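So the structure is just underneath, and the comments pick up after that.
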Amino acid sequence: MITNPTPQRSLRGHQPQRLSLRHATTSGHLARLAASLTDRDRWLARMLYEHRVLTTHQIAEMAWPSVRAANMRLLRLYQWRVIDRFQPYLTYGTAPMHYVLDLAGATVLAREEGLDLRDLNYRHDRATGIAYSLHLAHTVGTNGFFSALVARSRRPNATGQLTAWWSETRCAKHFGDIVRPDAYGLWHKTIPTPTAFEWFLEFDFGTERPDRLGAKLVGYSKLATTTGISTPVLFWMPTARREAAVRRALFDAVTALDDPSLVPVATSSADFLGNQHNDPAAARWQPLNAKQPTPQRLQLAQLPSAWPYLLPLSTSSTDFTQVAGTGRIDGLTPPTPLPPAPSDRRRRR
């Protein structure tokens, strides 16, 4: 017989104390944040505003030396309401913590740009609402693709860097009347010869019919005709079997175009390299070439060699930045993918 049951409050997990939404934007709290936030914290706020949601592992591999170090700082930012977090339910195992921009972080971001909070079109319920979105896994997967490129760029022996990463929202603002890619990226190779390669990403989870993916190439062809810029489109599939099916549909769609050279296409799958699946820059990309149906797999930086008719990009900027001005939406330019160097927060004697 149980005579002294465990109180319900003892069964609850530890909940860190944090400010209420009412106090998150008070002048006193914002003044304290001015002395507490580092350049890396502000960069993270901009990245969350741009890309909506990032997981603990994505944030750690982009900007921190370890997951433990990232968790310690993320907890502090969570308590200050610079960021908010949630943990999706998984049938098996435990999902990583997912982070979004919170009210204090959005307010600081707006003030830095000389804007009011309403000018950012930010709402806290909309930011946290992605936890219930049917596109959550797709957004996280797309962001994981680019966070892996950021991590590769930060390696001591890196031969290239990711210098531009536009979100689906930013792409839709500029090209949404023609195409709606999942993201846009620009990779600069530094060794042995400086080169630049830009692309649109179509991140596939196997939820669309292959012929619908192929039909998207008509829009990319129209975009190339309108802007005068032929930009490769990279399709990322979950499995090699899915990649083979999509490639057949893409081949039919490309051959049906008036000028197939306007839309260079390459494909890859997450399971192609086994345990190296989290490296989009590796030799895993297979260009779609009608004359050579099964070319060798190329690295991301080697893809321009598959389409020698493409005009070389400037190594100092991206052509689409020139076409779309500064790429501003809601008064903000796209954040740099690479984080700033960590600040020295040690007290001076």
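When a residue number appears, it is its place in the shown sequence, counting from 1. None of these values were measured; they are calculated from a predicted model.
When the side chains of ILVMFWY residues are joined at heavy-atom separations under 4.5 Å, either directly or via intervening members, Y99 and L90 end up in two distinct hydrophobic clusters. Under the 4.5 Å side-chain heavy-atom criterion for Ile, Leu, Val, Met, Phe, Trp and Tyr, Y78 and L103 are members of the same hydrophobic cluster. Note on L120: it clusters hydrophobically with W43, by side-chain heavy-atom contacts below 4.5 Å among ILVMFWY residues.
In the hydrophobic clustering (ILVMFWY side chains linked at under 4.5 Å, chained through shared members), V140 is joined by V53, F86, V100, I130, L136. Residues near M72 contribute nothing to a hydrophobic cluster around it, because no ILVMFWY side-chain heavy atom sits closer than 4.5 Å to its side chain. L134 belongs to no multi-residue hydrophobic cluster, having no ILVMFWY side-chain contact under 4.5 Å with any other such residue.
A distance of 11.5 Å separates OG1 in T142 from CZ in R52, rounded to the nearest 0.5 Å. In this structure, CZ in F146 is found 11.5 Å from OG in S153, a value given to the nearest 0.5 Å. Between the CG atom in L262 and the OG atom in S221 there is a gap of 5.0 Å [rounded to 0.5 Å]. Atom OH in Y89 sits 4.5 Å away from atom OG1 in T91 (nearest 0.5 Å). Taking NE2 from H51 and OG1 from T139, the interatomic distance works out to 11.5 Å, rounded to the nearest 0.5 Å. In this structure, L101 CG and E50 CD are separated by 12.0 Å, a value rounded to the nearest 0.5 Å.
P232 places a side-chain heavy atom less than 4.5 Å from the side chain of W307. With contacts defined as side-chain heavy-atom distances shorter than 4.5 Å, the pair R76/D41 does not qualify. Side-chain contact between R40 and W64: present, with at least one pair of heavy atoms (C-beta onward) separated by less than 4.5 Å. Proximity of E61 to V150: side-chain heavy atoms (C-beta onward) are nowhere separated by under 4.5 Å. Residues L77 and L37 form a side-chain contact, since some pair of their non-hydrogen atoms from C-beta on lies under 4.5 Å apart. The closest side-chain heavy-atom distance from S147 to L54 is not below 4.5 Å. Counting heavy atoms from C-beta on, the side chains of D259 and T225 never come closer than 4.5 Å. Using a 4.5 Å heavy-atom threshold, the side chains of L149 and W165 count as separate.
Under a 4.0 Å N-O distance rule, the pair R212/D204 does not qualify as a salt bridge. At a threshold of 4.0 Å, the pair E112-R46 counts as salt-bridged, since one of the basic side-chain nitrogens sits closer than that to a carboxylate oxygen.
Nearest heavy-atom pair across R42 and L33 is NH2-O, 4.3 Å. Nearest heavy atoms, L19 versus W80: CD1-O, 4.5 Å. Across all their heavy atoms, A24 and A104 have their closest contact at O-CB, 3.6 Å. The two residues D279 and R284 make their nearest non-hydrogen contact at O-NH1, 3.4 Å. A pairwise comparison of heavy atoms in E168 and P181 identifies CG-O, 3.6 Å as the closest pair. Closest approach of P280 and W285 over heavy atoms only: O-NE1, 2.7 Å.
Listed for the R154 side chain is a donor-acceptor partner under 3.5 Å among the backbone atoms of M62. For D84 (side chain) and T128 (main-chain N/O), no donor-acceptor pair under 3.5 Å exists by modelled atom type. Of the possible donor and acceptor atoms, none in the side chain of E198 sits under 3.5 Å from a partner among the backbone N and O of T231. Within the 3.5 Å criterion, the main-chain N or O of A240 finds a donor-acceptor partner in the side chain of D271. The main-chain N or O of P96 is found under 3.5 Å from a side-chain atom of H98 such that the two form a donor-acceptor pair.
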>> side chain to side chain contact (heavy atoms under 4.5 Å, CB included), that's the test. Do D102 and R18 meet it? Break it down for me.
In response: CA-CA 12 Å; D102 207 341; R18 64 195 306 242; 2.7 Å; yes
>> Could you go through D211 and D252, starting from their C-alpha distance and side-chain angles, then the distance that decides it, and tell me whether this counts as side chain to side chain contact (heavy atoms under 4.5 Å, CB included)?
In response: CA-CA 9 Å; D211 60 314; D252 294 339; over 6 Å; no
> Is there a side chain to side chain contact (heavy atoms under 4.5 Å, CB included) between R85 and L75 once you walk through the steps?
Replying inline: CA-CA 10 Å; R85 67 186 188 184; L75 176 60; 4.2 Å; yes
>> Under the criterion side chain to side chain contact (heavy atoms under 4.5 Å, CB included), I'd like the reasoning laid out for F272 against R297: C-alpha separation, chi angles, the key distance, then a yes or no.
In response: CA-CA 10 Å; F272 175 69; R297 300 274 178 163; 3.5 Å; yes
> Run the side chain to side chain donor-acceptor pair (under 3.5 Å) check on T267 and R247 step by step: do they pass?
Replying inline: CA-CA 7 Å; T267 64; R247 283 184 65 85; 2.8 Å; yes
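Residue pairs meeting the ring pair (Phe, Tyr, Trp, His ring centres under 6.0 Å) criterion with at least one partner in residues 205-230, sequence neighbours excluded, are F200-Y220, F203-F205. Listed by first and then second residue, the ring pair (Phe, Tyr, Trp, His ring centres under 6.0 Å) pairs involving residues 117-137 amount to none (not counting sequence neighbours).
In terms of the salt bridge (Lys or Arg N to Asp or Glu O under 4.0 Å) criterion, residue partners of D116 (sequence neighbours excluded) are, by chain and number, R118.
A donor and an acceptor atom, one from each side chain of R126 and N121, are located under 3.5 Å apart. Defined by atom type and a distance below 3.5 Å, a donor-acceptor pair is missing between the side-chain atoms of H23 and T26.
Only one option out of I178, V263, V179 pairs with K222 in a side-chain contact (heavy atoms from CB on, under 4.5 Å); it is I178.
Ring orientation note: the planes of F175 and W166 are close to parallel, at an angle under 30° on the 30°/60° scale.
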